[in-house]
Asker: 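Please find one structure pasted underneath; my questions will follow.
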2 protein chains.
Amino acid sequence: MAGNTTPEGRPDLAAMIVPLGRALVAAELPVLREHGLAMWAYSVLLRLDDEPVRTQAALARDIGADKTRIIGVLDGLEERGLIRRQSDPADRRARVLSLTPAGRRMRDAVQSAIQQREEQLLARLPEEDRRGFLNALQALATLSPSEITGD
Amino acid sequence: MAGNTTPEGRPDLAAMIVPLGRALVAAELPVLREHGLAMWAYSVLLRLDDEPVRTQAALARDIGADKTRIIGVLDGLEERGLIRRQSDPADRRARVLSLTPAGRRMRDAVQSAIQQREEQLLARLPEEDRRGFLNALQALATLSPSEITGD
DNA sequence: GCTTACGATAAGCGCATGCGTATCATGGGT
DNA sequence: ACCCATGATACGCATGCGCTTATCGTAAGC
């Protein structure tokens, strides 16, 4: 059962993390569907949570989407009143993106439902592993891709 | 900078893990290219490491590939002498897949290079977080997708 | 022997995605 | 005024992938 092990006895990180990520995404999909959100739309809501984003291109880069693909996503979110696209008075080429109150409520509801599921999963872990896991994950998540790739 | 946080103060697991997985895969690609391997081919070598696999369909399922897509991958690996496809004497419809010695050497070389990079990354973490991270990751990696999705 | 089931392979369809390019509006520098 | 860079948008192309179907060989039960 324990395949792909090295002398130190662990599989490649990617070999463990990528399938785990797939499963976590699969776990989110039903929740998102209940709220009528697609994954890209949810990613946008998450990214816009804290502060507005000045340009759509920057938003696309941040969430790892193609800049030509989020246009339709933003159209849908704006149409449903979840985000605002306002021309930046200082640079009218740019559209400042921000959450509406409804958008924030949507984000809170969905994220709360998702994290509730995740807590059930984490509850399987011993307390100290769980804390180390979350600490390490948050540390690694703040690294830039180039720092992970190997500088 | 710390966006997408809940009252407990962490982003969604998937929101951290998926980009991390992408970055780890990106880090592997140059190593794989040096050895002339594609990601699917490397996945096959990893899966075959410990024991032979009885059918190609089972292999495809295990590594998350479509069963019709790995045919070409196996063709290439067999042509390069890295794997063997032997008819199962007990059921000649099946092709028992196994690593050749050359395949095992290739796997060891590539995995060692990859894990060497990963160790550099893990070295950034405090010792206890690192241990908890690896423990938790290995525990979660052995769960079936349905157990992660929420049973 | 005949039928049914399983496995490998090939070929085609469709979706999601990334990329390049063109267009138009705008801003900033010369 | 003029030129070039930037931003949003739309369009077309190519790719990679999953899914489905069809064909063929083989195994196993009747």
Side-chain angles (χ1 to χ4, degrees), chain A residues 14-15 18-19 21-23 25-26 28-29 32-33 36-44 47-48 51-79 83-98 145 149, chain B residues 14 18-19 21-23 25-26 28-29 32-33 37-44 47-48 52-79 83-98 145-146 149:
Chain A
V18 172
R22 264 202 284 267
V25 168
E28 291 191 0
L29 288 182
L32 292 176
R33 191 187 321 261
L37 284 181
M39 184 58 77
W40 283 124
Y42 181 55
S43 298
V44 168
R47 176 62 189 84
L48 293 183
E51 81 274 359
V53 174
R54 211 185 63 84
T55 73
Q56 299 184 176
L59 171 67
R61 178 174 35 74
D62 287 355
I63 66 176
D66 189 88
K67 68 180 192 301
T68 68
R69 301 220 80 250
I70 58 166
I71 297 176
V73 177
L74 297 178
D75 288 346
L77 288 172
E78 189 181 26
E79 193 175 346
I83 67 167
R84 261 188 304 262
R85 273 198 277 204
Q86 297 164 307
S87 283
D88 183 352
D91 183 346
R92 276 180 299 180
R93 295 171 303 179
R95 314 286 177 86
V96 180
L97 303 165
S98 57
T149 305
Chain B
V18 172
R22 264 202 284 266
V25 168
E28 290 190 359
L29 289 182
L32 292 176
R33 190 186 322 261
L37 285 182
M39 183 58 76
W40 283 125
Y42 181 55
S43 299
V44 169
R47 177 62 189 84
L48 293 182
V53 173
R54 211 184 63 85
T55 73
Q56 299 185 176
L59 171 66
R61 176 175 35 76
D62 287 354
I63 67 176
D66 190 272
K67 69 179 191 299
T68 67
R69 301 218 81 247
I70 59 166
I71 298 175
V73 177
L74 296 179
D75 288 346
L77 288 173
E78 189 179 26
E79 193 176 347
I83 68 168
R84 262 188 305 261
R85 274 199 275 203
Q86 297 165 305
S87 283
D88 183 350
D91 183 345
R92 277 179 299 181
R93 295 171 304 179
R95 315 287 178 86
V96 180
L97 304 165
S98 57
S146 65
T149 306

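Every heavy atom of this structure was used, including side-chain atoms; hydrogens, water molecules and symmetry mates were not. Residue numbers start from 1 in every chain, and the chains themselves are labelled A, B, ... in the order their sequence lines are given, proteins ahead of strands.
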Asker: Specify the closest pair of heavy atoms between B:V96 and B:P52, including all atoms of both residues, with the distance to one decimal.
Answerer: CG1-CB, 3.8 Å
Asker: CG of B:L59 versus P of C:dG7: gap in Å, rounded?
Answerer: 14 Å
Asker: Locate the shortest heavy-atom distance separating B:I63 from B:S43; write the atom from each residue and the value.
Answerer: CG2-O, 3.9 Å
Asker: If you look at every heavy atom in A:T149 and B:A23, which pair is closest and at what distance?
Answerer: OG1-O, 4.2 Å
Asker: Just how far, in rounded Å, is P of C:dG7 from CD of B:Q86?
Answerer: 18 Å
Asker: Answer with base, sugar-phosphate or nothing: what part of the nucleic acid does B:G64 contact at a heavy-atom distance below 4.0 Å?
Answerer: sugar-phosphate
Asker: Using whole Å, report how far CG of B:D91 lies from P of D:dG29.
Answerer: 11 Å
Asker: Which pairs of donor and acceptor atoms, one on a side chain in residues 54-61 of chain A, lie under 3.5 Å apart (sequence neighbours left out)?
Answerer:
residue: A:T55; atom: OG1; partner: A:A58; partner atom: N; Å: 3.0
residue: A:Q56; atom: OE1; partner: A:R85; partner atom: NH1; Å: 3.1

Asker: Using a 4.0 Å heavy-atom cut-off across all strands, classify B:D66 as base, sugar-phosphate, or nothing.
Answerer: base
Asker: Quick one: B:D88 CG to D:dG25 C1', roughly how many Å, whole number?
Answerer: 15 Å
Asker: So, does A:R22 get its side chain near the phosphate of D:dC17, meaning an N or O under 4.0 Å from OP1 or OP2?
Answerer: no
Asker: Name the closest nucleotide to the A:R69 side chain, picking from D:dA8, C:dG18, C:dT9.
Answerer: C:dG18
Asker: Between A:I71 (CD1) and D:dC11 (P), how many Å, whole number?
Answerer: 10 Å
Asker: Under 4.0 Å from OP1 or OP2 of C:dG27: is there any side-chain N or O of A:R92 that close?
Answerer: yes
Asker: Kindly give the heavy-atom pair with the smallest separation between A:A65 and A:I70, and that separation in Å.
Answerer: CB-CG2, 3.6 Å
Asker: Is A:Q56 near enough to D:dT9 that one of its side-chain N or O atoms lies under 4.0 angstrom from OP1 or OP2?
Answerer: yes
Asker: Between B:R92 and B:S87, which heavy-atom pair has the shortest distance, and what is it?
Answerer: O-OG, 4.1 Å
Asker: Nearest whole Å is fine: how far is D:dT9 C1' from A:E78 CD?
Answerer: 13 Å
Asker: Using a cut-off of strictly less than 4.0 Å, decide whether B:R54 has a side-chain nitrogen or oxygen near OP1 or OP2 of C:dG7.
Answerer: yes
Asker: How many whole angstroms separate atom CD1 of A:I70 from atom C1' of D:dA10?
Answerer: 14 Å
Asker: Under 4.0 Å between a side-chain N/O of B:W40 and OP1 or OP2 of D:dC17, yes or no?
Answerer: yes
Asker: Show each protein N/O and nucleotides 21-25 of chain C N/O combination with a separation under 3.5 Å, one pair to a line.
Answerer:
none

Asker: Considering all heavy atoms of both residues, which atom of A:W40 and which atom of A:G64 are nearest to each other, and what is their separation?
Answerer: CH2-O, 3.7 Å
Asker: On DNA chain D, check which nucleotide each of A:A57 and B:A90 is closest to and give me the residue with the more 5' one.
Answerer: A:A57
Asker: When the distance from CZ of B:R95 to P of D:dG25 is rounded to whole Å, what number comes out?
Answerer: 12 Å
